[in-house]
Number of protein chains: 2
Amino acid sequence: MARKQGAYADITGPKVRATALRLIAQHGYAAVSMRQIAAQVGVQVGALYNYTADKQTLLFDLMHAHMVALLAAARDLPQHDTPMARLEDFTRFHIRFHLPRADAVFVSYMELRNLSPENFAQIEALRRQYEGILEAILAEGEAQGDFAVADTRVTTMALIGLLTGLHDWYRRDGRLSITEIETMYWGLVRKAVTA
Amino acid sequence: MARKQGAYADITGPKVRATALRLIAQHGYAAVSMRQIAAQVGVQVGALYNYTADKQTLLFDLMHAHMVALLAAARDLPQHDTPMARLEDFTRFHIRFHLPRADAVFVSYMELRNLSPENFAQIEALRRQYEGILEAILAEGEAQGDFAVADTRVTTMALIGLLTGLHDWYRRDGRLSITEIETMYWGLVRKAVTA
DNA sequence: GTCTATAGCGGGATAGAC
DNA sequence: GTCTATCCCGCTATAGAC
């Protein structure tokens, strides 16, 4: 304790990422300065560069970590027999995973423009993998005659849009619980894919 | 011709707005400089300030013009007898109005964070008016027993999200025509509000 | 690992000539 | 209405002491 050098390595790193995520979600990547991040972390700006090569890499790491966590969790979903049961699981999972991570969702979506081309390609590939999970469920349901889906790709993107749009208006202190909203959204999804 | 002073007033103004809209959609408000805008318009940076008080006002004007045009067009929709017919009109109108205005849609949605509080309040009010049009249709359909909507507000926001999500993946040179997409989306909306 | 100090650049906005 | 020139500020990133 009381020494200033080398003591906080394990705590400063996560704090930098958490602070950057919050500030970027609030003001946008381009509008947030390394100075601002440093000030809220409680270090001088030079110290940040012990934890990231540069500002761009910091943004990429935040988005990458979010996408990797999302994919890992989505792959752990149970493999029910019926596409309908799997679609319900996916819908509820998507909402439950994303709602408590509003900042990461916002950043991962809004800051794509500010990634370098190489970094963008990586994030985009992860995003497509996630969409692929839903598309596979829809394709199987269509093949088995459980769903009536005009176009698998369009419906996939439409449903992702429907679910993701939730973040634009959901408020934690709102009138409805997560479970209530989840059930309403599942109702919309179910009807949308049914004949 | 050939004179440099006073000749281009009528042309520079629209050009400034068009250029700013395009650049801000592409890179984000904070990432675009007045110097960049001026360069693409073909004037020096000082000249921009004949057309806007400052950068913030320029952003606000772009968003405000978009919302006003949207509301004016939405209010011109025909007043069919049945809520179902009005919902179809609204759905198709929303898509047809927004798809050709990708830049304005993007900016109006992504740059809300960068508005001053007073400007934000104004844009937000216009946005709520637009949502109100859809909500009124849903409420009437529910009251008449044509629709089975669990919660009018939630369904309104969900459908807006569904329709707006279209911009995230639609490409003009894609496999499907606007009309085909429009019809698929109308199918999803129709089923979502039906019992 | 963190600090202080600074290099080097680009930002928004304005003044005054034409 | 546009230009040139400039003020003043804040930015990212690095160097070198501790």
Side-chain angles (χ1 to χ4, degrees), chain A residues 1-21 23-24 26-63 107 111 113-116 118-119, chain B residues 1-24 26-63 107 111 113-119:
Chain A
M1 274 295 232
R3 69 193 161 117
K4 261 183 154 182
Q5 297 183 4
Y8 305 119
D10 292 348
I11 229 173
T12 306
K15 214 169 165 185
V16 167
R17 287 187 288 278
T19 304
L21 186 66
L23 284 175
I24 293 174
Q26 203 161 2
H27 306 292
Y29 171 76
V32 170
S33 69
M34 296 297 270
R35 280 172 166 81
Q36 266 179 281
I37 297 171
Q40 293 227 354
V41 170
V43 295
Q44 293 302 313
V45 65
L48 294 182
Y49 291 87
N50 289 314
Y51 300 97
T52 183
D54 49 33
K55 195 186 174 191
Q56 164 72 209
T57 304
L58 179 55
L59 174 64
F60 172 72
D61 287 343
L62 294 175
M63 295 173 67
V107 169
E111 304 297 351
R113 290 180 294 189
N114 290 308
L115 289 174
S116 69
E118 304 76 26
N119 288 341
Chain B
M1 276 293 236
R3 68 189 163 123
K4 262 183 149 181
Q5 297 184 3
Y8 305 120
D10 292 348
I11 229 174
T12 305
K15 215 170 166 185
V16 167
R17 286 187 289 277
T19 303
L21 186 66
R22 181 167 37 80
L23 284 175
I24 293 174
Q26 203 161 4
H27 305 292
Y29 171 76
V32 172
S33 69
M34 296 298 271
R35 280 171 168 81
Q36 264 180 282
I37 297 171
Q40 293 229 353
V41 170
V43 295
Q44 294 302 312
V45 64
L48 294 181
Y49 291 86
N50 289 315
Y51 300 97
T52 183
D54 50 32
K55 196 185 173 191
Q56 165 70 208
T57 304
L58 179 55
L59 174 63
F60 172 73
D61 286 342
L62 294 175
M63 296 175 65
V107 169
E111 304 298 351
R113 290 180 294 190
N114 290 309
L115 288 174
S116 69
E118 303 75 26
N119 288 342

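Only this structure's heavy atoms are used, side chains among them; waters, hydrogens and symmetry mates stay out. A, B, ... follow the sequence lines: proteins, then strands. Residue 1 opens every chain.
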Inset, instruction - Considering just the side-chain nitrogens and oxygens of Thr12(B), establish if one lies under 4.0 Å of OP1 or OP2 belonging to dG1(D). - result: no

Inset, instruction - For Gln26(B), check side-chain hydrogen bond (donor to acceptor under 3.5 Å, both in side chains) against everything at least two apart and list the hits. - result: none

Legend entry - For atom CG of Asn50(A) and atom P of dG16(D), their distance in whole Å: 16 Å

Legend entry - salt bridge (Lys or Arg N to Asp or Glu O under 4.0 Å) involving Arg35(B) - partner list, sequence neighbours excluded: none

Legend entry - By salt bridge (Lys or Arg N to Asp or Glu O under 4.0 Å) - contacts of Arg113(B) (at least two apart): Glu111(A)

Inset, instruction - May I have the distance from Ile11(A) (atom CD1) to dT2(C) (atom P), rounded to whole angstrom? - result: 11 Å

Legend entry - Any Tyr51(B) side-chain N or O less than 4.0 Å from OP1/OP2 of dT2(D): yes

Legend entry - Partners passing side-chain hydrogen bond (donor to acceptor under 3.5 Å, both in side chains) against Ser116(A) (at least two apart in sequence or in another chain): Glu118(A), Asn119(A)

Inset, instruction - Mind calculating the distance between CG (Leu59(B)) and P (dG12(C)) to the nearest angstrom? - result: 13 Å

Inset, instruction - May I have the distance from Tyr49(A) (atom OH) to dG16(D) (atom C1'), rounded to whole angstrom? - result: 17 Å

Hey, what are the protein-to-nucleotides 5-11 of chain C N/O distances that come in under 3.5 Å?
residue: dG11(C); atom: OP1; partner: Ser33(B); partner atom: OG; Å: 3.2

Inset, instruction - Measure from CG on Asp10(B) to C1' on dT2(D) and round the result to the nearest Å. - result: 15 Å

Inset, instruction - Round to a whole Å and report the spacing from CG of Leu48(A) to P of dT14(D). - result: 13 Å

Legend entry - Side-chain N or O of Gln44(A) closer than 4.0 Å to phosphate OP1/OP2 of dT4(C): yes

Legend entry - Partners meeting side-chain hydrogen bond (donor to acceptor under 3.5 Å, both in side chains) with Gln44(A) (sequence neighbours left out): none

